[in-house]
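Heads up: the structure comes next, in structure tokens.
Within every chain, numbering begins at 1; the chains are lettered A, B, ... in the order of the sequence lines, protein sequences first and strands thereafter.
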Amino acid sequence: MIKLSFPDNSIREYEAGSSGFDVALSISKSLQKKALAVAIDGELRDLAEPITQDGAIEIITRDDPRALELIRHDAAHVMAEAVQELWPGTQVTIGPVIENGFYYDFKRETPFTTEDLPVIEKKMRQIIERNAKFTKEVWSREQAKAHFAEQGEHYKVELVDAIPAGEDVKIYRQGDWLDLCRGPHLYSTGQIGQAFKLMKVAGAYWRGDSNNEMLTRIYGTAWANEKDLKAYLHMLEEAEKRDHRKLGREMDLYHFQEEGPGVVFWHHKGWKLFQNLTNYMRRRLADDYQEVNAPQILDKALWETSGHWEWYRENMFSTETEDHRVFAIKPMNCPGHVQIFKHGLRSYRELPLRMAEFGAVSRYEPSGALHGLMRVRAFTQDDAHVFCTEEQLAEECLKINELILSVYKHFGFDEVVVKLSTRPEKRVGSDAVWDHAEEVMGRVLKQIEEQSGGKIKTGILEGEGAFYGPKFEYTLRDAIGREWQCGTTQVDFNLPDRFGAFYVDSDGEKKEPVMVHRAICGSLERFLGILIESFAGHFPLWLAPQQYVVAAITSEANEYAEQVHAKLKKAGLAGELDLRNEKINYKVREHSLAKVPVIVVVGKREAEEQSVNIRRLGSKDQTPMSLADAISSLVDEATPPDLREED
RNA sequence: GCCGCUGUAGCUCAGAUGGUAGAGCAACGCAUUCGUAAUGCGUGGGUCGUAGGUUCAAGUCCUAUCAGCGGCACCA
């Protein structure tokens with residue numbers, strides 16, 4: 001007999017080898033019907049699997065969040081069966097669960113197109129209706145390999161080989177179809193339900209390696225019920241509406257064109273937004289940093305010294321002049337900053353020396369990587385390099401962290417992920433130096449997590465560090481749930497040495513400084529893209545490129561509208577005057593669509609009373625107030641967060 | 001870079017089976033002075049991404065190329 005404890009803390013005895021199915025039935029017939037799987041000591045298992053030991057058991061039903069994983073996983077299996085039923089000879093590879101759904105990678109001569117999706121979906125619904133049971137078998141490696149080889153499933157053979165020794169080779173059957181799978185699964189295909197949808201087709205490399213063959217991937221989404229599916233699809237639609245590429249056009253912020261793939265034409269309003277951001281950042285740097293500006297184009301020789309010509313060349317734009325000198329357009333600011341550091345003798349008294357630049361860098365990114373403002377070929381980094389001693393390193397990292405989090409907070413980002421990337425295979429510097437650097441960074445990471453009181457999630461990316469040192473990566477989430485790396489702190493024991501940078505220490509000896517590369521927004525272009533999506537274009541007043549429009553109702557109010565506009569401008573607000581011969585309805589509609597935060601409506605009445613009528617973006621309310629009150633409240637609201645007194 | 005899809009007026013999109021382009025909005029003109037999401041009438045605007053090719057004839061078919069979109073890989 002075995003003892004199983006239940007979530008309500010009751011303990012029951014069962015015969016050893018009873019299945020989750022039996023246990024569910026022992027409680028009630030209805031529970032057995034609803035049961036999808038069990039969790040033993042928190043680990044999901046098949047309902048049919050014999051339970052041989054004491055443990056804590058939970059019966060997993062549809063409402064359990066963990067059920068989703070099973071539903072999605074099984075939907076992937078059913079999709080694979082459907083595809084093989086429709087197109088025999090298609091090889092199946094892997095089909096994992098991902099956020100919001102699942103995918104399966106296939107090898108097929110002619111890749112799938114979106115027109116295939118409804119066909120596959122229909123077949124999937126048939127398979128689900130057959131309601132075949134999932135049954136597990138354990139095969140020998142030889143048996144599995146022979147079977148898949150005979151079926152022409154060469155990728156599956158490779159997958160069998162990849163299973164670590166000592167682990168069972170598990171096969172799951174559903175009706176006549178079977179797949180190599182770790183499990184667990186639902187009880188039968190019918191339990192998947194019908195709340196799923198195939199979303200898109202895509203190419204994907206076998207095992208995620210671009211040297212390998214390209215497979216064809218089908219993405220799907222699956223949910224516990226129809227309502228959740230609808231909510232998800234609706235969320236996607238909403239996300240699409242706030243896509244920064246769409247809003248950028250609608251709000252007349254910037255554009256791209258064919259001659260300049262990946263390079264931004266900032267329009268007046270977009271540039272104003274850009275400046276609002278850089279002005280803010282400049283204020284945040286004023287106390288601790290010195291701002292510099294290093295050249296855009298430098299001789300190849302300098303990039304050879306820095307190591308970029310060797311490590312980064314395929315990403316660099318370069319040009320040869322008439323007299324055969326090769327110059328490269330800077331992809332990073334660090335070599336330039338080291339030149340400034342090196343110019344003249346540096347004393348230990350100057351350290352830590354924090355050198356900042358809003359550096360425009362150019363990188364030849366792969367064409368397929370370009371994505372609106374998020375991924376471009378020329379962008380501006382809010383970059384800085386801290387030259388310091390090793391003893392100062394930890395404190396500098398913490399100071400940077402504090403600044404980064406404080407900046408993010410001002411933009412409304414409270415949930416930040418910080419990851420430490422450790423030494424990569426290809427690297428410079430001794431292991432002892434890496435040990436030390438990683439030890440320092442690891443300690444800092446812990447402090448970051450503790451200081452945040454759990455708000456900041458941390459993690460480690462093994463082997464993802466830069467070739468010159470470990471780094472922290474700060475990640476934000478965009479409106480569609482995609483994660484974007486913004487800030488970064490990178491420790492560098494390499495570049496000062498390559499350039500022979502040193503300072504004179506208190507004992508009169510030359511010493512090499514440690515260099516910390518850091519960016520807060522990362523790419524200002526990307527950061528603005530994230531802001532556009534995060535605010536859905538409804539910028540807070542202090543950031544908004546256009547803060548107000550004064551709209552006159554009739555030409556009789558034009559003169560007063562001009563006065564109001566002049567006063568608002570004088571108070572430091574940015575806005576426009578709309579005296580066009582149009583109805584107020586038309587003006588309100590147009591300015592609302594353009595996402596102007598404040599519409600100041602003035603007519604005859606307002607002119608007589610020296611008042612205004614304010615309509616805010618996103619609201620239908622009309623708020624009449626005196627002109628003086630309007631100005632003072634708008635000026636107050638337009639004060640950037642770093643200049644507010646309560647901070 | 002790789003796989004798939006797309007590319008027609010400033011924007012959104014129509015244009016079976018090849019017969020030399022159309023709508024709505026926007027723009028411009030005229031009228032309208034109208035109190036919070038589209039006033040009416042009129043006018044102009046496109047070498048159909050680019051370059052070749054097939055054809056009596058190509059936006060429509062073929063080839064190449066560029067750009068964009070969705071992924072993969074890469075990455076701030």
Side-chain angles (χ1 to χ4, degrees), chain A residues 103 105 108 110-116 199-219 243 245-246 249-250 252 255-262 312 314-315 331-332 359 361 363-383 464 471 473-476 484-488 490 517 519-527 529-530 551-558 579-594 599-606 613-617 619-624:
Chain A
Y103 67 78
D105 285 349
R108 187 177 166 226
T110 45
F112 297 103
T113 70
T114 39
E115 274 128 59
D116 297 324
M199 304 297 284
K200 53 199 172 193
V201 293
Y205 297 106
W206 168 233
R207 294 193 154 164
D209 185 337
S210 58
N211 296 312
N212 288 344
E213 247 183 304
M214 182 147 279
L215 307 170
T216 167
R217 173 175 297 179
I218 301 177
Y219 282 96
D243 188 310
R245 294 167 297 184
K246 188 175 151 73
R249 189 170 48 240
E250 288 172 1
D252 192 21
H255 86 269
F256 290 95
Q257 65 189 47
E258 286 209 14
E259 293 86 345
Y312 207 71
E314 71 273 23
N315 281 299
M332 296 187 194
V361 295
R363 301 179 183 177
Y364 190 74
E365 299 292 339
S367 57
L370 303 181
H371 182 94
L373 293 176
M374 303 299 202
R375 195 74 187 276
V376 291
R377 285 188 175 146
F379 58 101
T380 314
Q381 291 181 313
D382 60 330
D383 205 0
E464 298 284 311
K471 60 180 177 182
E473 292 188 345
Y474 291 74
T475 310
L476 298 179
W484 293 101
Q485 194 200 313
C486 293
T488 179
Q490 313 181 351
H517 309 239
I520 297 173
C521 301
S523 150
L524 297 184
E525 284 75 1
R526 170 180 296 180
F527 198 72
I530 294 169
I553 293 174
T554 71
S555 56
E556 286 188 318
N558 280 2
L579 301 181
R580 291 175 303 170
N581 179 13
E582 295 290 352
K583 286 176 134 182
I584 193 63
N585 284 300
Y586 182 88
K587 294 185 182 182
V588 165
R589 174 181 156 82
E590 201 173 59
H591 299 301
S592 299
L593 287 174
I599 302 178
V600 182
V601 178
V602 295
K604 238 159 86 179
R605 199 185 310 149
E606 286 75 16
N613 202 316
I614 294 211
R615 177 172 170 140
R616 302 294 305 238
L617 181 60
S619 165
K620 287 186 176 169
D621 295 347
Q622 300 171 31
T623 313

A:Tyr205 side-chain proximity, nearest of B:C72, B:G35, B:G4: B:C72
Sugar-phosphate, base or nothing in reach of A:Glu365, heavy atoms under 4.0 Å: base
Student check: side-chain heavy atoms of A:Met332 and A:Tyr312 closer than 4.5 Å: yes
Separation of the P atoms in B:U8 and B:U47, to the nearest angstrom: 13 Å
Sugar-phosphate, base or nothing in reach of A:Glu606, heavy atoms under 4.0 Å: base
Nucleotides 40-47 of chain B: protein proximity per nucleotide (B base, S sugar-phosphate only, - neither; heavy atom, under 4.0 Å): --------
Sugar-phosphate only, base, or nothing, as touched by A:Ser523 at under 4.0 Å among non-hydrogen atoms: base
Side-chain touch A:Thr380/A:Ser523, heavy atoms, less than 4.5 angstrom: no
Between B:G70 (C1') and A:Arg375 (CZ): distance, integer Å: 16 Å
Touch class at under 4.0 angstrom, heavy-atom based, for A:Glu259 against every strand present: nothing
Sugar-phosphate only, base, or nothing, as touched by A:Ala519 at under 4.0 Å among non-hydrogen atoms: nothing
Distance between C1' atoms of B:A26 and B:A51 (Å, rounded): 32 Å
C1' spacing across the pair B:U55 / B:C2, given as an integer number of angstrom: 36 Å
Interatomic distance where CD belongs to A:Gln485 and P belongs to B:C74 [whole Å]: 14 Å
A:Lys604 and A:Glu556: CA distance, side-chain angles, deciding distance, salt bridge (Lys or Arg N to Asp or Glu O under 4.0 Å) verdict: CA-CA 7 Å; A:Lys604 238 159 86 179; A:Glu556 286 188 318; 3.7 Å; yes
Sugar-phosphate only, base, or nothing, as touched by A:Gly208 at under 4.0 Å among non-hydrogen atoms: sugar-phosphate
B:C62 to B:C69 separation - P atoms, rounded to the nearest Å: 25 Å
Touch class at under 4.0 angstrom, heavy-atom based, for A:Arg217 against every strand present: sugar-phosphate
A:Arg526 to A:Phe379, cation-pi by 6.0 Å centre distance and 45° axis angle: no
Cation-pi geometry met for A:Arg207 and A:Tyr205 (6.0 Å, 45°): no
Pairwise C1' distance, B:A9 and B:G4 [rounded to whole Å]: 29 Å
Note, A:Met199 side chain near A:Tyr103 side chain (heavy atom, < 4.5 Å): no
Side chains of A:Asp621 and A:Arg615 in contact at under 4.5 Å (non-hydrogen atoms): no
Sugar-phosphate only, base, or nothing, as touched by A:Thr216 at under 4.0 Å among non-hydrogen atoms: nothing
Test item: A:Thr113 and A:Val201 side chains (from C-beta on) under 4.5 Å apart, heavy atoms: no
Any protein N or O atoms within reach of nucleotides 6-15 of chain B? Criterion: under 3.5 Å, listing atom names and distances.
from	atom 1	to	atom 2	distance (Å)
B:U12	OP1	A:Arg249	NH2	3.3

Sugar-phosphate, base or nothing in reach of A:Ile553, heavy atoms under 4.0 Å: base
Face-to-face stacking of A:Phe379 with B:A76, centres under 5.5 angstrom, angle under 30°: yes
Stems formed with participation of RNA chain B [Watson-Crick or G-U wobble, under 3.5 Å, three or more pairs]: B:1-7 with B:66-72, B:10-13 with B:22-25, B:27-31 with B:39-43, B:49-53 with B:61-65
P-based separation of B:C3 from B:G44 [nearest Å]: 47 Å
Minimum side-chain heavy-atom gap A:Leu524-A:Gln381 below 4.5 Å: no
P atoms of B:G10 and B:G46, separation to the nearest Å: 9 Å
A:Glu473/A:Lys471 salt bridge by N-O under 4.0 Å criterion: yes
C1' spacing across the pair B:G24 / B:G45, given as an integer number of angstrom: 15 Å
Sugar-phosphate, base or nothing in reach of A:Cys521, heavy atoms under 4.0 Å: nothing
Separation of B:A73 C1' from A:Asp105 CG (nearest whole Å): 13 Å
Touch class at under 4.0 angstrom, heavy-atom based, for A:Lys587 against every strand present: nothing
Distance, rounded to the nearest Å, where A:Asp621 contributes CG and B:U36 contributes C1': 11 Å
5'-most by nearest nucleotide on RNA chain B - A:Leu370 or A:Glu473: A:Leu370
Separation of atom CZ in A:Arg245 from atom P in B:A67, rounded to whole Å: 17 Å
Shortest non-hydrogen contact between A:Glu525 and A:Val376, atoms and distance: CB-CG2, 4.5 Å
A:Pro331 side chain reached by A:Asn315 side chain, heavy atoms, under 4.5 Å: no
Sugar-phosphate, base or nothing in reach of A:Pro261, heavy atoms under 4.0 Å: sugar-phosphate
A:Arg363 and A:Arg377, any side-chain heavy atoms less than 4.5 Å apart: no
Under 3.5 Å donor-acceptor pair, A:Asn613 side-chain atoms to B:U36 base atoms: yes
Residue whose nearest RNA chain B nucleotide is more 5′ - A:Val376 or A:Gly603: A:Gly603
Length of the line joining A:Tyr586:OH and B:G35:P, which is rounded to integer Å: 18 Å
Sugar-phosphate only, base, or nothing, as touched by A:Leu524 at under 4.0 Å among non-hydrogen atoms: nothing
Sugar-phosphate, base or nothing in reach of A:Ala202, heavy atoms under 4.0 Å: base
Rounded distance in Å - CZ (A:Arg363) to P (B:G1): 19 Å
Distance, rounded to the nearest Å, where A:Met332 contributes CE and B:A76 contributes C1': 9 Å
